[in-house]
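This report concerns only the one structure given below.
Below, read A as the first sequence line, B as the second, and so on, with proteins coming before strands; counting in each chain starts at 1. All heavy atoms count here, side chains included; hydrogens, waters and symmetry mates do not.
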Amino acid sequence: MNGQAKDVLVEKLAEALADITGGEPPTVCSPEEPGGQHRPDAVLEASLDGQRYRLVVDFKQSVFPRDAREALWRHRNSLNQGGMAGHEAMPVLVAESISPGARDLLRKERVGYFDGDGNLFIAARGLYLRLDKPESRKQSRAVNNVFSGQRAQVLHAVWGRERDWFGVHEIAERAGVSPATASVTLAALERREWVEARGSGPSKERRLANPGALLDSWAAYQSSAKPKAVRHYYVRSAAYADLQRRLDDASERTGVRYELAGISAGQVHAPYLSGVSQVACRATGGKPLQAMLEEVGARPVREGWNLGVQELRADDQLRFRQRVGDLWVADPLQAYLDLLQSGGRAKEMAQHLRAEKLGA
DNA sequence: TGCCAATGAATCTAAGGTGG
DNA sequence: CCACCTTAGATTCATTGGCA
């Protein structure tokens, strides 16, 4: 099936080239590369104005910036080894779909591409082709950020299933999201090859396939995202452990749902720092939260705080919290993401936590 | 600076398919 | 047929830019 799609696209590329240059359609050669360690998926020989061009095609199903970078890296490597010297071979990435970001990246590095929508780019000495097609309706509806809002909840639920197979319905349930949202999000994860699928129609199942890549991308997104607002308080004469206890007691009495976050959560799952004195948490807001803060004797301050609170509008985000000992704690995944946004030694701590608890 | 309109993204409901 | 997945259209939500 992959082979089918590839051949069709390579054929379309050849036609497109002939169309633009008004010349002969290029000949498609079989990709026998003597001694080449990386075998291309196809090779096109084109000639126009007496110049001969040789297009070395790499095929992929879909290309996002991450894939593009990988392709660029491979391409540079093969240049460095000087194997192709004299041939003037031009790399062309051919894929069913190539995201706009990936296309920018490839153009910047003057690596050619061609996708199923007809977007085309070829650059070489004496030759510059660029074709931009309007977005197809399908593409304009495509999911481009899976790391925020309800979709992040879906991701979180997927993570929780580890390597087990699951259905859309189940994930929607666990994430607290409509089946539609779960479905489109999972489709997006599948395109990125972070999850794999088996079966089709109602019997379709998926599972996490590449936790490392998923976590890398999530981390990159999280690091660049704007941290949520945190209110700072001071609680008099409260040592770290004691403050946590009092917080939990007060939450019990006032009915506020909360979880330890950031460094506090990290310390619970994979102790790393000594002498932590500031408690970080997130909690559902409103009147009950005010009551709870009053009960522990928290006083808003600018400097010298020992309690940081991120106020939540709804408690969707507390869906994955864990009871550890006698405290509610963000799960390791959430703690990891929190740490990426915290200052100081939090980044190191994030690495430690990932190695200890996330295994990817 | 702050408000409001317009635009676009995110999510849901409901309808359309499909395998067992 | 039933139970589930997917897709289309409607709705809500957030962000951006214009203007006072």
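Qualifying ring pair (Phe, Tyr, Trp, His ring centres under 6.0 Å) partners for A/His232, counting only residues two or more places apart in sequence or in other chains: A/Trp305. The ring pair (Phe, Tyr, Trp, His ring centres under 6.0 Å) search around A/Phe166 returns none, not counting sequence neighbours.
Remark: A/Arg206 is in phosphate contact with C/dT6, judged by side-chain N or O atoms under 4.0 Å from OP1 or OP2. OP1 or OP2 of C/dA14 sits under 4.0 Å from a side-chain N or O of A/Arg313. For A/Lys204, a side-chain nitrogen or oxygen approaches OP1 or OP2 of C/dT6 to under 4.0 Å. An OP1 or OP2 oxygen of B/dC12 is reached within less than 4.0 angstrom by a side-chain nitrogen or oxygen of A/Gln150.
Between A/Tyr128 and A/Phe121, the ring center distance clears the sub-6.0 Å criterion.
As rounded to whole Å, 17 Å separates atom P of B/dA10 from atom CG of A/Asp316. Regarding A/Arg198, its CZ atom lies at a distance of 16 Å from the C1' atom of C/dC5, rounded to whole Å. Whole-Å rounding puts the A/Leu186 CG to C/dC4 P distance at 16 Å. Residue A/Gln153 contributes atom CD, which lies 16 Å from atom C1' of B/dC12 at whole-angstrom precision. The nearest whole Å value for the distance from the CG atom in A/Asn145 to the C1' atom in C/dC13 is 15 Å. One atom, CG of A/Leu189, and another, C1' of C/dT6, lie 15 Å apart when rounded to the nearest Å. Regarding A/Lys228, its NZ atom lies at a distance of 11 Å from the P atom of C/dA14, rounded to whole Å.
For the pair A/Leu337 and A/Trp218, the minimum side-chain heavy-atom distance is below 4.5 Å. Side-chain contact between A/Arg110 and A/Met90: absent, with no pair of heavy atoms (C-beta onward) separated by less than 4.5 Å.
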Counting primed atoms, P, OP1 and OP2 as sugar-phosphate and everything else as base, the B/S/- map of nucleotides 15-20 of chain B against protein heavy atoms under 4.0 Å is ---BSS
Can I get a per-line list of side-chain donor-acceptor pairs under 3.5 Å for residues 268-275 of chain A, giving both atom names and the distance, sequence neighbours left out?
residue  : atom : partner  : partner atom : Å
A/His269 : NE2  : A/Ala330 : O            : 2.7
A/Tyr272 : OH   : A/Glu348 : OE1          : 3.1

Taking only distance into account, with no hydrogens and no angle test, what donor-acceptor pairs under 3.5 Å do side-chain atoms of residues 281-294 of chain A form with protein atoms, sequence neighbours excluded?
residue  : atom : partner  : partner atom : Å
A/Arg282 : NE   : A/Gln310 : OE1          : 3.2
A/Arg282 : NH1  : A/Glu259 : OE2          : 2.6
A/Arg282 : NH1  : A/Asp338 : OD2          : 3.3
A/Arg282 : NH2  : A/Gln310 : OE1          : 3.4
A/Arg282 : NH2  : A/Asp338 : OD1          : 2.7
A/Arg282 : NH2  : A/Asp338 : OD2          : 3.1

Side chain to side chain donor-acceptor pair (under 3.5 Å) assessment of A/Asn306 paired with A/Tyr240:
CA-CA 8 Å; A/Asn306 62 358; A/Tyr240 183 72; over 6 Å; no
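If you check residues 161-181 of chain A against DNA chain C, the residues with a heavy atom closer than 4.0 Å are A/Gly167, A/Val168, A/His169, A/Ala180, listed by number.
In terms of modelled atom types and a separation under 3.5 Å, the side chain of A/Ser203 and the main chain of A/Gly199 share no donor-acceptor contact.
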